[in-house]
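This report concerns only the one structure given below.
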Amino acid sequence: MNQYYFKITHYADELLADLKKLEGGWPKQVLTMQENWIGKSYGLEFKFSFDAASHERLSGNFDGFEVFTTRPDTIYGVSYAALAPEHEIVSYMIQNSLLDDNTREQIESMKNASSIDRQKEKSGVALNLSVVHPLTKKSVPVWVANFVLMDYGSGAVMAVPAHDDRDFEFAKKYSLPINAVIKPFNGEADNTKAFTEVGELFASEQFNGLNSKEAQAKIIEHFEALGIGTKKTNFKLKDWGVSRQRYWGAPIPFVHCDDCGLVMEKKANLPIALPEDIVITGEGNPLDKHPTWKHCKCPSCGKNALRETDTMDTFVESSWYFLRFCASPQNWEDKAFSAEQIKYWMGVDHYIGGIEHAILHLLYARFFTKVFRDLGYVSFDEPFDRLLTQGMVLKDGAKMSKSKGNTVDPDAIIEKYGADTARLFILFAAPPTQELEWNDSAVEGAYRFIKRFYERSSNIVKTDSMPQIDHGSLSKDEKFARKKVYEALVRANDVYVEKYTFNTMIAGVMEAMNALNAQSNSAVWSEAYWILTSIMEPVIPHVCSEISSNYFSLKNLTSQRVLDEVFVQESITLGVSINGKARTEIEVSPDASNDVIIAAAKESAAKWLEGQTIVKEIVVPKKLVNIVIKG
RNA sequence: GCGGAUGUGGUGAAAUGGCAGACACGCUAGACUUAGGAUCUAGUGCCGUAAGGUGUGGAGGUUCAAGUCCUCUCAUCCGCACCA
């Protein structure tokens with residue numbers, strides 16, 4: 001079946017290299033997953049040539065096959081070569097009856113095994129063909145092996161059982177020779193398993209004594225000098241097959257013409273719209289079955305032709321929707337997006353989604369961005385500056401999903417407690433990046449907080465501007481309450497801009513409320529609500545906007561300035577520890593000298609210092625004093 | 001196998017190398033109450049009457065000081081997986 005592909009492999013190198021640009025903004029896990037998915041590796045590619053007898057057996061149709069290895073240093077340990085069951089030479093032999101029935105059946109069953117079954121046990125069969133070792137010229141038998149994959153490299157490998165786990169397992173099973181050529185730097189290899197680490201070469205002619213790394217480079221050079229092999233980079237990333245036999249996707253704009261073949265649809269006819277009068281039966285492609293839709297004229301010769309009924313993978317559309325979001329609706333008919341608007345809105349500052357998009361969607365979107373850049377539509381390399389992967393919500397240890405039937409309906413909480421409580425509860429439970437086992441026992445707590453928050457707003461004095469307070473005239477409790485309010489503000493700024501740990505911001509607001517409760521200055525209460533309703537408004541919008549509209553005419557719902565004066569303290573408390581163990585506390589003036597602090601600490605900790613020799617005294621400003629004693 | 005993450009009270013969780021457990025939930029006791037699944041007050045890591053000891057999966061290390069840094073290790077979860 002013919003399929004349509006996007007040549008994402010053309011961008012493999014850049015997609016890999018630009019992951020560096022995303023470091024810091026994207027979770028490391030996602031970067032690593034993409035790196036592994038792209039799967040770049042270096043090695044040697046060379047051709048195994050058939051010996052004369054094998055060449056003749058294949059009627060001269062094949063003179064050999066290419067193999068790729070990342071371990072050219074093990075080349076002298078080759079004891080067989082293996083082809084994928086799907087390899088063209090194998091297919092040729094089957095088609096031309098060059099294999100006996102038993103061999104043929106074994107190969108067929110390898111091909112038909114599911115990929116999981118195929119991984120369970122190594123199996124293979126000899127083809128009665130031989131190739132020539134490119135350096136030693138010795139004869140090497142050719143096998144078919146189920147662990148060789150047709151869609152990576154050339155679908156054929158050189159096998160070195162002494163230094164590769166898979167080759168070893170296979171060689172053991174079929175009693176093939178195991179020739180060690182690398183030994184550990186210290187001591188001898190354990191020959192009951194493959195030695196796959198870096199080591200020192202032996203039995204390798206002029207390369208003896210080199211370490212694996214040096215040998216890899218030297219042996220590749222040697223192959224290139226002889227003109228029998230080349231340095232090669234391989235990728236696991238494959239081209240993106242985009243054709244689907246479904247209704248729900250953008251039609252692929254090609255036309256099949258009896259005379260002209262496969263022809264691209266004319267630009268003027270784009271976009272090709274889906275028909276709306278289709279019947280979805282669950283069988284086959286509804287577009288193919290539609291009575292008229294697929295009949296069209298050939299864009300090249302004008303004769304009757306058939307439209308392609310395959311549609312595109314929906315990932316195609318999700319790869320650029322964010323650019324479309326930047327386009328104003330009045331231009332939608334004219335073009336997909338305008339460069340000017342893209343320039344204004346892009347890139348996406350914060351992109352939020354589940355980890356399940358780590359590879360496909362996020363890689364495809366990066367790919368599209370690079371293609372659009374090369375076509376001149378956008379001027380940046382990467383679409384998403386920062387990525388937040390939200391944690392999954394689990395229920396009874398499993399991911400919540402409709403198919404499992406273990407979902408929790410937030411409507412029940414919203415109905416009983418209101419939407420503000422539902423939001424507060426969820427945001428307070430854990431940071432958003434974290435996986436969370438759903439447990440709604442703390443909903444009551446969130447509800448109580450909101451109730452208290454609303455009730456105590458009665459302490460506010462109505463005002464249209466931020467209350468002015470003479471900090472110096474306040475009592476200790478009032479000063480403390482103010483300090484807590486501003487600490488919550490500082491934390492909120494950090495959370496909204498940088499950290500997204502909303503749970504700690506909410507905790508800060510709760511602390512401020514607890515401190516406010518210990519005093520009754522209405523100006524302090526008013527200022528506190530002016531600030532707190534502003535920072536909590538995104539979390540509990542209904543309550544905050546009601547309080548704000550009742551008392552502040554909504555004037556406070558904007559960014560708030562931090563006043564440094566509230567953080568100035570008359571005295572500070574320092575912990576005193578002996579040999580790092582917390583013992584007591586002292587209260588000193590914030591500008592007390594180290595000498596004064598140490599003297600106070602010694603006095604306070606006299607009980608533990610009696611008869612001891614003090615070795616060292618450490619003062620950590622505004623935090624603690626550590627006294628080190630001998631013994 | 002490779003890669004990534006996580007591991008802290010009864011529970012959810014805090015903690016720029018600087019007094020572990022902030023903030024909540026729960027629990028215990030008390031107050032108010034006809035009532036309490038409302039509200040308020042106090043307590044709450046563990047052992048101990050206390051003084052004190054001990055404590056962030058485990059074992060080492062660096063440091064005056066480690067949940068945090070380093071080495072090794074165990075467990076759980078996630079992703080990729082015979083990638084030559």
Side-chain angles (χ1 to χ4, degrees), chain A residues 27-37 39-41 43-45 67-71 74 81-82 84 115-116 118-122 145-149 151-160 163-167 169-170 196 234-238 355-356 358-359 389 391-392 394 397 399 424-425 428-431 433-446 448-449 451-452 455 488 501 503-514 517 573-585 607 615-629:
Chain A
K28 208 174 156 186
Q29 184 190 10
V30 175
L31 297 177
T32 310
M33 282 165 77
Q34 293 214 353
E35 189 182 330
N36 292 342
W37 188 261
K40 187 177 188 174
S41 61
L44 169 69
E45 187 178 68
V67 294
F68 171 74
T69 178
T70 56
R71 293 296 304 273
T74 65
S115 68
I116 296 155
R118 193 161 153 174
Q119 281 182 48
K120 277 183 187 152
E121 204 193 340
K122 306 259 175 299
N146 68 343
F147 66 86
V148 181
L149 307 174
D151 58 5
Y152 182 75
S154 57
V157 296
M158 67 175 212
V160 186
H163 305 298
D164 182 281
D165 292 322
R166 295 156 300 174
D167 299 347
E169 198 184 324
F170 192 84
T196 58
N234 246 327
F235 291 95
K236 283 194 228 173
L237 184 69
K238 297 185 186 69
I355 188 73
E356 67 271 22
I359 294 173
T389 47
M392 280 193 302
L394 308 177
K399 178 182 177 176
L424 179 68
F425 159 66
F428 187 52
T433 51
Q434 191 171 308
E435 193 172 87
L436 178 71
E437 170 69 34
W438 182 265
N439 177 348
D440 56 17
S441 68
V443 175
E444 291 277 354
R448 278 204 290 268
F449 171 79
K451 236 165 73 172
R452 239 177 297 147
E455 280 164 8
T501 50
N503 56 330
T504 63
M505 179 188 83
I506 293 163
V509 173
M510 288 173 169
E511 282 182 62
M513 284 300 289
N514 291 344
N517 258 333
T573 306
L574 301 181
V576 177
S577 53
I578 311 290
N579 287 356
K581 193 182 284 283
R583 290 299 183 185
T584 173
E585 283 183 350
K607 179 177 161 191
V615 181
K616 206 169 182 180
E617 293 142 347
I618 290 146
V619 177
V620 183
K622 296 190 167 62
K623 299 262 165 128
L624 55 75
V625 181
N626 188 23
I627 297 171
V628 185
I629 59 177

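Please read all numbers here as calculations on a predicted model, not as lab measurements. Labels below follow one simple rule: chain letters A, B, ... track the order of the sequence lines, proteins then strands, and each chain is numbered from 1.
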Nearest-nucleotide pick for A:K451, side chain only, options being B:rC83, B:rC23, B:rU39
B:rU39
Any base atoms under 4.0 Å from A:S41, or only sugar-phosphate, or nothing? Heavy atoms, all strands.
sugar-phosphate
Separation of B:rG12 P from A:F428 CZ (nearest whole Å)
14 Å
Base, sugar-phosphate, or nothing: which does A:K581 touch, judged by heavy atoms less than 4.0 Å apart?
sugar-phosphate
OP1 or OP2 of B:rC64 sitting under 4.0 Å from any side-chain N/O of A:K616?
yes
Using the C1' atom as the point on both nucleotides, what is the distance between B:rG60 and B:rC78, in whole Å?
30 Å
In Watson-Crick or G-U wobble terms, both distances under 3.5 Å, what is the partner of B:rA31?
B:rU39
Base orientation of B:rG9, chi within 90° of 0 counted as syn, else anti, reads syn
If only side-chain N and O atoms of A:K607 are considered, is one of them under 4.0 Å from the OP1 or OP2 phosphate oxygen of B:rG52?
yes
Could you tell me how far B:rA15 sits from B:rU56 if I compare only their C1' atoms? Round to whole Å.
11 Å
By nearest-nucleotide position on RNA chain B, the 5'-leaning member of A:T69 and A:N36 is A:N36
Checking all strands, does A:N626 fall into the base, sugar-phosphate, or nothing category for heavy-atom contacts under 4.0 angstrom?
base
Pick the closest RNA chain B nucleotide for A:Q29 and for A:A582 by heavy atoms, then say which residue is nearer the 5' end.
A:Q29
Taking OP1 and OP2 of B:rC83, is either one under 4.0 Å from a side-chain nitrogen or oxygen of A:R166?
yes
Give me the distance, rounded to whole Å, that separates B:rG53 from B:rG7 when you measure between the C1' atoms they each carry.
26 Å
Donor-acceptor check, side chain of A:R71 to backbone of A:G43, threshold 3.5 angstrom: yes or no?
no
Could you tell me whether A:N146 contacts a base, only the sugar-phosphate backbone, or nothing, with contacts defined as non-hydrogen atoms closer than 4.0 Å?
base
